[in-house]
Amino acid sequence: MGTREEAKHMIVVTGATGGLGGATVEHLLERMPADQIGVSVRDATKARHFTDRGVRVRQGSYEDPAALRDSFADAEQVLLVSGNDPAADMAGLHRNAVEAAVEAGARRILYTSQHAAVPGNPYRPSDIHTATEAILAESGVAWTALRNGAYGPLDQVLGPWQQTGEIAQPADGPTPYTDRDDVAEATAALLARGHSLDGAVTLTAPTAVTFDDLAKIASELTGRTVKRIVVDDEQWVADQIAIGVPEQAARLMLTWYQAARAGYFAEAGPLLAELLGREPRTAADRLAAHLAT
């Protein structure tokens, strides 16, 4: 009887061997007993570090609904970490995961969506996130879509500015670049507290900045002038292809810059700070930390 009651408080996290999912589990382990945490992973051998600490590890992937149902068993909450395979039908795979969580009896499904996941956003992954949010809305179960701010490495969007002294990228727009570990910590806080945030919520750093702003910040941090150079879209794609980036990947990234310049990422929100109980790391903090390594 007691075991069953405890099981109802279980939180299951998918993608726990990835960056965001793994960091979320680490933060959960600081907040609650390991036997109330489960993970669903493609390869259980890669999650031994969680098994060793008492986390329930089960094999499951979005392509295998039966395995997912097993890995979600007894979960009160399931965190679905979004997939990112450009060749796959991600919305369909996410539907498998939502349906498996519903069938397993989860009371709430949380999903890692994307900042500004709204119709019309030029950044192509937005279509997957808006479709998945619609699937969640139709699931009949309480759900939360965590629209996370851009949390990839800043060098990925700024380019090799340390070597060149230039941020030479396409035209951009204000974006609240967000620290991945802050997102993971806030997600764990939300899961562990069991707070009910319904529907789509935005988790971003508190301030949106442009490449012009970041060039000034980089100049101050390094003591040398870092220039902002705006590169024509097609020239930028050609430059990316010249350094070995597949054209499809370059054009996908270009849609991100196009979304930024159209203002889709301009709005920052206070929720991340509220969940953390402190100010999130800023882009300046992250650049400074990167330079210190």
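Only a predicted model underlies this, so the values are computations on that prediction, with no experimental measurement involved.
Within a 6.0 Å sphere centred on CZ of Arg48, heavy atoms belonging to other residues, nucleotides or ligands number 12 at most. The environment of CD in Glu267 is sparse: at most 12 heavy-atom neighbours from other residues, nucleotides or ligands sit within 6.0 Å. Summarising the local packing, CG of Asn84 is surrounded by 12 or fewer heavy atoms from other residues, nucleotides or ligands at distances under 6.0 Å.
Between the side chains of Gln169 and Tyr257, at least one donor N or O lies within less than 3.5 Å of an accepting N or O. A donor atom on one side chain and an acceptor atom on the other are found under 3.5 Å apart for His27 and Asp181.
Qualifying salt bridge (Lys or Arg N to Asp or Glu O under 4.0 Å) partners for Arg281, counting only residues two or more places apart in sequence or in other chains: Asp179, Asp182.
Both Trp143 and Tyr62 belong to a single network of hydrophobic side chains, linked directly or stepwise wherever heavy atoms of I, L, V, M, F, W or Y lie under 4.5 Å apart. In the hydrophobic clustering of this structure, Val41 groups with Leu110; members are Ile, Leu, Val, Met, Phe, Trp, Tyr whose side-chain heavy atoms approach within less than 4.5 Å, directly or through other members. Cluster membership for Leu28 and Leu20, using ILVMFWY side-chain heavy atoms within less than 4.5 angstrom, is not shared. Hydrophobic cluster membership is shared by Val141 and Leu68, with clusters built from Ile, Leu, Val, Met, Phe, Trp and Tyr side chains linked at under 4.5 angstrom. In the hydrophobic cluster analysis, where Ile, Leu, Val, Met, Phe, Trp and Tyr join through side-chain heavy atoms closer than 4.5 angstrom, Leu154 is grouped apart from Val183.
Side-chain atoms of Thr210 do not come within 3.5 Å of backbone N or O of Pro174 as any donor-acceptor pair. Judged by distance alone, the side chain of Thr130 and the main-chain N or O of Ala117 form no donor-acceptor pair under 3.5 Å. Panel note: side chain Ser126, backbone Val118; no donor-acceptor pair is recorded below 3.5 Å. A donor-acceptor pair under 3.5 Å is absent between the side-chain atoms of Thr175 and the main chain of Tyr177, judged by distance alone. Counting only distance, with no hydrogens or angles, the side chain of Asn121 and the backbone of Ala116 share a donor-acceptor pair below 3.5 Å. Between the side chain of Ser219 and the backbone N or O of Val226 there is at least one donor-acceptor pair closer than 3.5 Å. A donor-acceptor pair is defined here as one N or O able to donate and one able to accept, closer than 3.5 Å; no such pair exists between the side chain of Arg31 and the backbone of Arg193. Put simply, the side chain of Ser113 never gets that close to the backbone of Leu146: no donor and acceptor are under 3.5 Å apart.
Comment: Glu103 engages Arg69 in a salt bridge, judged by a side-chain N to carboxylate O separation of less than 4.0 angstrom. Under the 4.0 Å criterion applied to side-chain N and carboxylate O atoms, Arg228 and Asp172 are assigned as salt-bridge partners. Between Arg42 and Glu63, at least one side-chain nitrogen of the basic residue sits less than 4.0 Å from a carboxylate oxygen of the acidic one, meeting the salt-bridge criterion. Using a cut-off of 4.0 Å between Lys/Arg side-chain N and Asp/Glu carboxylate O, Asp70 and Arg58 are scored as salt-bridged. Classification of Arg286 and Asp155 as a salt-bridged pair fails, no side-chain N sitting under 4.0 Å from a carboxylate O.
What you find for Val237 and Ala250 is that their closest heavy atoms are CG1-CB, 4.3 Å. Among all heavy-atom pairs drawn from Ala268 and Thr207, the shortest one is CB-N, 4.1 Å. The minimum heavy-atom distance between Thr14 and Val81, with the atom names listed, is OG1-N, 2.9 Å. Nearest approach of Ile135 to Arg95, heavy atoms of both residues: CG1-NH2, 3.4 Å.
In this structure, the ring of Tyr264 has its center no less than 6.0 angstrom from the ring center of His115.
Inter-residue side-chain proximity for Arg147 and Gln114 is flagged as unmet; no heavy-atom pair is nearer than 4.5 Å.
Relative orientation of the Phe265 and Tyr123 rings is perpendicular, given thresholds of 30° and 60° on the angle between their planes.
For residues 240-260, every residue pair satisfying the salt bridge (Lys or Arg N to Asp or Glu O under 4.0 Å) rule, not counting sequence neighbours, is listed here: Glu234-Arg251, Glu247-Arg251.
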Test Arg180 against Glu185 for salt bridge (charged side-chain N to carboxylate O under 4.0 Å, His left out), laying out the working first.
CA-CA 9 Å; Arg180 186 180 72 187; Glu185 184 179 339; over 6 Å; no

Go through Asp35 and Arg56 one step at a time and tell me if the side chain to side chain contact (heavy atoms under 4.5 Å, CB included) criterion holds.
CA-CA 7 Å; Asp35 63 4; Arg56 188 184 82 180; over 6 Å; no

So Ser82 and Thr112, side chain to side chain donor-acceptor pair (under 3.5 Å) or not? Walk me through it.
CA-CA 6 Å; Ser82 52; Thr112 63; 3.2 Å; yes

